[in-house]
Amino acid sequence: MSYHQLILSLHLLAIAIGIGIGFSNIVNLATAKSQTGDISKGLAMGRLANRKYHDAAVIIILITGGLLLANLVSMAGVSKWFHVKLAFVLIFVVCHFAARATVKQMLATGNTALMPRAKMFSHIAITGAVLALISAVLAFAA
């Protein structure tokens, strides 16, 4: 296995984990909307338990993506889809960490009125991640 294959494998694995946890959180949030009491608390605990794994996946995506980008000989030969992908990655990352910061603020203050903001950032983040993935396929299609 080459260095490139190793980094690409880690990158794709982190993308799968990150998008998977993101979708799981969206489904969890939608389910929690109609629940109360212990069920609602349990769903929230599940989301909180996934935080460190989701953050780790996002950080690994950024590190391995940066390493893969450094391996490119030149940016001159990349397609327009690669630049579109980078824009969606930026949206994904900014919204992921904005959602995380909002949840942190909500936990620190107990202000549950911040939940709509966290949901909005989460929805934008997962959409950005999926569109980045689609754009990457288009950018690197043979």
Main-chain N/O of G20 paired to S24 side chain as donor or acceptor, under 3.5 Å | no
Do L67 and N71 come within less than 4.5 Å of each other through their side chains, counting heavy atoms only?
-> no
Rounded distance [0.5 Å steps], CG in L114 versus CG in L107 | 10.0 Å
Closest heavy-atom pair and its distance - V89, A132 | CG2-CB, 3.8 Å
Which atom of L6 lies closest to which atom of M1, heavy atoms considered = CA-SD, 3.7 Å
Side-chain heavy-atom pair M106, T102 within 4.5 angstrom cut-off = no
Same cluster or not: are L90 and I61 linked, directly or through other Ile, Leu, Val, Met, Phe, Trp or Tyr residues, by side-chain heavy atoms under 4.5 angstrom apart?
-> no
Verify side-chain contact (heavy atoms from CB on, under 4.5 Å) between L72 and F82, making sure each step is shown before the conclusion.
-> CA-CA 12 Å; L72 283 179; F82 184 78; 4.2 Å; yes
Calculate, to the nearest 0.5 Å, the distance between atoms CG and CD1 belonging to L69 and I7 respectively.
-> 13.0 Å
Identify whether L133 and F140 are in the same connected component of the hydrophobic contact network (ILVMFWY, side-chain heavy atoms under 4.5 Å).
-> no
Between A118 and V103 the two heavy atoms that sit nearest each other are CB-CG2, 3.9 Å
In this structure, NZ of K33 is separated from NZ of K119 (nearest 0.5 Å) by 6.0 Å
Who are the side-chain hydrogen bond (donor to acceptor under 3.5 Å, both in side chains) partners of N111, not counting sequence neighbours?
-> none
When T31, L29, L48 are each screened for side-chain contact (heavy atoms from CB on, under 4.5 Å) with L43, the one that passes is T31
Are the side chains of Q105 and R100 in touch, meaning some heavy atoms are under 4.5 Å apart?
-> no
So, R47 and N25: side-chain donor and acceptor under 3.5 Å apart, yes or no?
-> no
Quick one: do L68 and Y3 end up in the same hydrophobic cluster if we chain Ile, Leu, Val, Met, Phe, Trp and Tyr together by side-chain heavy atoms under 4.5 Å apart?
-> yes
Contacts of H54 meeting side-chain hydrogen bond (donor to acceptor under 3.5 Å, both in side chains) (sequence neighbours excluded), chain-then-number -> none
Give the minimum heavy-atom separation between A99 and S122, together with the two atoms involved.
-> CB-OG, 3.8 Å
Closest non-hydrogen atoms of S135 and F88, given as atom of the first, atom of the second and distance, are OG-CD1, 3.6 Å
Close side-chain approach of D55 and H96, heavy atoms under 4.5 Å = yes
Would you name the heavy atoms of S40 and A32 that are closest together and state the gap between them?
-> OG-O, 4.5 Å
Do F121 and F97 have ring centres separated by under 6.0 Å?
-> no
